[in-house]
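To start, the structure itself, in structure tokens.
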Amino acid sequence: MALTTARTMPGVLELLPLDQIAFQGMLDTVRSNFERFGFLPIETPVMEFADVLLTKSGGETERQVYFVQSTGALEQGDKPELALRFDLTVPLARYVAEHEHSLNFPFRRYQIQRVYRGERAQRGRFREFYQCDVDVIGKDSLSVRYDAEIPATIYGVFRDLAIGPFTIQLNNRRLMRGWFEGLGIADGDRQMAVLREVDKLDKRGLDHVRETLTGAAFGLSTEAVDRILAFVQVRSTSLADALEKLDALGSGSETFEQGRNELRDVLGLIKAFGVPESHFALNLSIARGLDYYTGTVYETTLNDHPQIGSICSGGRYENLAGNYTKSSLPGVGISIGATRLYWQLREAGLIGTATSTVQALVTQMDEAQLPVYLALATELRQAGINTEAVMESSKLGKQFKYADKAGIRFVLVLGDNEIANGTVTVKDLRRENQFEVARTDLARTLRAELEQGAGTGVRA
RNA sequence: GUGGGCGUAGCUCAGUUGGUUAGAGUCCCGGAUUGUGAUUCCGGAUGUCGGGGGUUCGAGUCCCCUCGCUCACCCCA
């Protein structure tokens, strides 16, 4: 019989158990921080009705959507009725509109699930990936103060992930649009186009952006472009510096002043939330490509690994669910692309080898003593230690090799001597030492050892 | 969706101006006398040379087509 090649589609990340443990450790850190800040969990279906998912989308989104069709509909040649979600924000909008009358506002939710995009595979880009989202949705209005709570949450996440120094960079869409208005770029679509272009500043460089803006596609004057470039190059080094640089921009349109006031409030509150000044900064080139953002926008980068780019981004939007309800539902939120983040951290060598979730292996010296081994394993499990017992007899060396490869830290040997003495021999494969303890003290001893070296599993 | 690069063991690759039975390292499996892994030594398994066609006495190598992967753009986590 011809064999089928075992393979997965490009753009998916499938991990071996030890890597999966590291990845899940990362998600646990994200989740616990989201919960610590008082966000509530929800999950939504992977599939949604296509018309619900694609309401506001232009051609770009639709191009990246996977449609889903039942066999029956496929045979009849119908248009697909269902599609896979491509982010968690659109399903959130649908969720809030659908359950509006049962929800408590401001609605603070977090959601950690996979999303799907039909992209051509590329380094660090996935077709199936995890997003970790937090959003706050208000009914009719939502204070700009929430715009500061989001970065505070994000600070907690990346601090606990311990992946090195990072900076949460902030900007405000109103401030940008107001600045462009002052230069005579009044049309909304045109403002968006300029905005998307300056967003590339950090990636493409000053000259490239200048060339594009003065070029035929935009046709802006050299003076206007110089003013834009001066604006988007603003970066801050501390809170006082940020406020000073905002003042130094001079006065502007009503939109501009509104944006500036929002930014001032947000920056001040981020500090009040306890985020160190070294970890947040003004970056007036941050724009975000998505057009639904209206005010504050965020991007987070690792200081020592700028090539990785943004590892977490989001912002403020008015009218989240305008396509589904007449209610006004403003919100602010952010998303961590966990799959890409994990993949890039691994590429950069920032993730060490995880230890197994299995903490102890009970070896088998003598098949006849199997009940003794199983009783020992049960004892340890009852003491909260994840334990595996060797079920098939083999050479002890082979059993050690198995434990080593599996990343199991403690190997327990129970032979005639130990049984006679009421002891257990423990080999700690991580510390590379061996000791013998009374069986009655075993669980306590292992617990103490394990707690000593407790970590997130993501540390290098 | 648009443009460039690359396809040889599971992985990283070598393979001369076309010339016998296609190699190395790594990984995997087994062994090196009594109850100890990761080091060392010995042995073993593994390939429609991406696929199809053409040129030739002879193609991994040259030509054409095709498929796959990958990088950049677009967009984005």
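Every chain is numbered from 1, with letters handed out A, B, ... down the list of sequences.
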Is A:Asp404 reaching over with its side chain to a backbone N or O of A:Phe400, donor-acceptor style, under 3.5 angstrom?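 Not confirmed, A:Asp404 side chain does not pair with A:Phe400 backbone.
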
N or O in side chain of [X] less than 4.0 angstrom from [N] OP1/OP2:
| X | N | result |
| --- | --- | --- |
| A:Lys405 | B:C29 | yes |
| A:Lys200 | B:C74 | yes |
| A:Lys398 | B:U36 | no |
| A:Lys395 | B:G37 | no |

Only Watson-Crick and G-U wobble pairs, only distances under 3.5 Å, only runs of 3 or more: what stems does that leave for RNA chain B?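 In RNA chain B, stems of three or more pairs: B:1-7 with B:67-73, B:10-13 with B:23-26, B:28-32 with B:40-44, B:50-54 with B:62-66.
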
Ion pair check, A:Glu318 and A:Arg174, cut-off under 4.0 Å: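 Answer for the salt bridge query: yes.
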
Between [M] and [N] - [atom1] atom distance, rounded Å:
| N | M | atom1 | answer |
| --- | --- | --- | --- |
| B:A9 | B:G44 | C1' | 15 Å |
| B:G60 | B:G19 | P | 10 Å |
| B:U8 | B:A14 | C1' | 10 Å |
| B:C13 | B:G47 | C1' | 15 Å |
| B:G51 | B:U26 | C1' | 28 Å |
| B:A32 | B:U36 | P | 11 Å |
| B:U12 | B:C74 | P | 29 Å |
| B:C67 | B:G52 | C1' | 10 Å |

For the residue pair A:Arg346 and A:Leu15, establish whether any side-chain heavy-atom pair is separated by less than 4.5 Å.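 With C-beta onward as the side chain, the pair touches.
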
With sequence neighbours excluded, tell me which residues meet side-chain contact (heavy atoms from CB on, under 4.5 Å) with A:Arg196.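 Only A:Met192, A:Asp291 meet the side-chain contact (heavy atoms from CB on, under 4.5 Å) criterion with A:Arg196.
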
So which one's nearest nucleotide on RNA chain B is more toward 5', A:Asp428 or A:Trp343?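 Result of the comparison: A:Asp428.
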
Just the rounded figure in Å: distance from [atom2] of [N] to [atom1] of [X].
| X | N | atom1 | atom2 | result |
| --- | --- | --- | --- | --- |
| A:Ile336 | B:A77 | CD1 | P | 13 Å |
| A:Gln434 | B:G35 | CD | P | 14 Å |
| A:Lys401 | B:C28 | NZ | P | 8 Å |
| A:Ile286 | B:A77 | CD1 | P | 12 Å |
| A:Glu197 | B:C73 | CD | P | 12 Å |
| A:Leu361 | B:G37 | CG | P | 14 Å |
| A:Asn417 | B:U36 | CG | C1' | 14 Å |
| A:Leu16 | B:C28 | CG | P | 12 Å |

Which part of the nucleic acid, if any, lies within reach of [X] when heavy atoms closer than 4.0 Å are counted: base, sugar-phosphate only, or nothing?
| X | answer |
| --- | --- |
| A:Glu299 | nothing |
| A:Thr363 | nothing |
| A:Lys427 | base |

Which of these nucleotides, B:G35, B:A77, B:U36, is closest to any side-chain atom of A:Phe400?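 Of B:G35, B:A77, B:U36, B:U36 is nearest to the side chain of A:Phe400.
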
For the side chain of A:Arg125, counting heavy atoms from C-beta on, which of B:G35, B:A38, B:C76 is nearest?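 Between B:G35, B:A38, B:C76, the one nearest the side chain of A:Arg125 would be B:C76.
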
For A:Asp160 and A:Arg36: C-alpha separation, side-chain torsions, deciding distance, then whether salt bridge (charged side-chain N to carboxylate O under 4.0 Å, His left out) applies. CA-CA 12 Å; A:Asp160 288 359; A:Arg36 196 173 302 155; 3.5 Å; yes

Check whether the aromatic ring of A:Phe126 stacks on the base of B:A77, taking stacking as ring centres less than 5.5 Å apart and planes within 30° of each other.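 Aromatic stack with B:A77 absent for A:Phe126.
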
Anything under 30° is parallel, anything over 60° is perpendicular, the rest tilted; go ahead and classify A:Phe126 against A:Trp343.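 The rings of A:Phe126 and A:Trp343 stand perpendicular, inter-plane angle above 60°.
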
Parallel, tilted or perpendicular: which describes the rings of A:Tyr342 and A:Phe23, with under 30° parallel and over 60° perpendicular?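 Rings of A:Tyr342 and A:Phe23: perpendicular, over 60°.
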
We want to know whether A:Thr423 and A:Glu418 form a side-chain donor-acceptor pair, criterion being a heavy-atom distance below 3.5 angstrom.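 Result is no, nothing qualifies.
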
Would A:Glu449 and A:Arg409 count as a salt bridge (charged side-chain N to carboxylate O under 4.0 Å, His left out) here? Give the steps. CA-CA 10 Å; A:Glu449 291 283 329; A:Arg409 183 171 165 191; 3.6 Å; yes

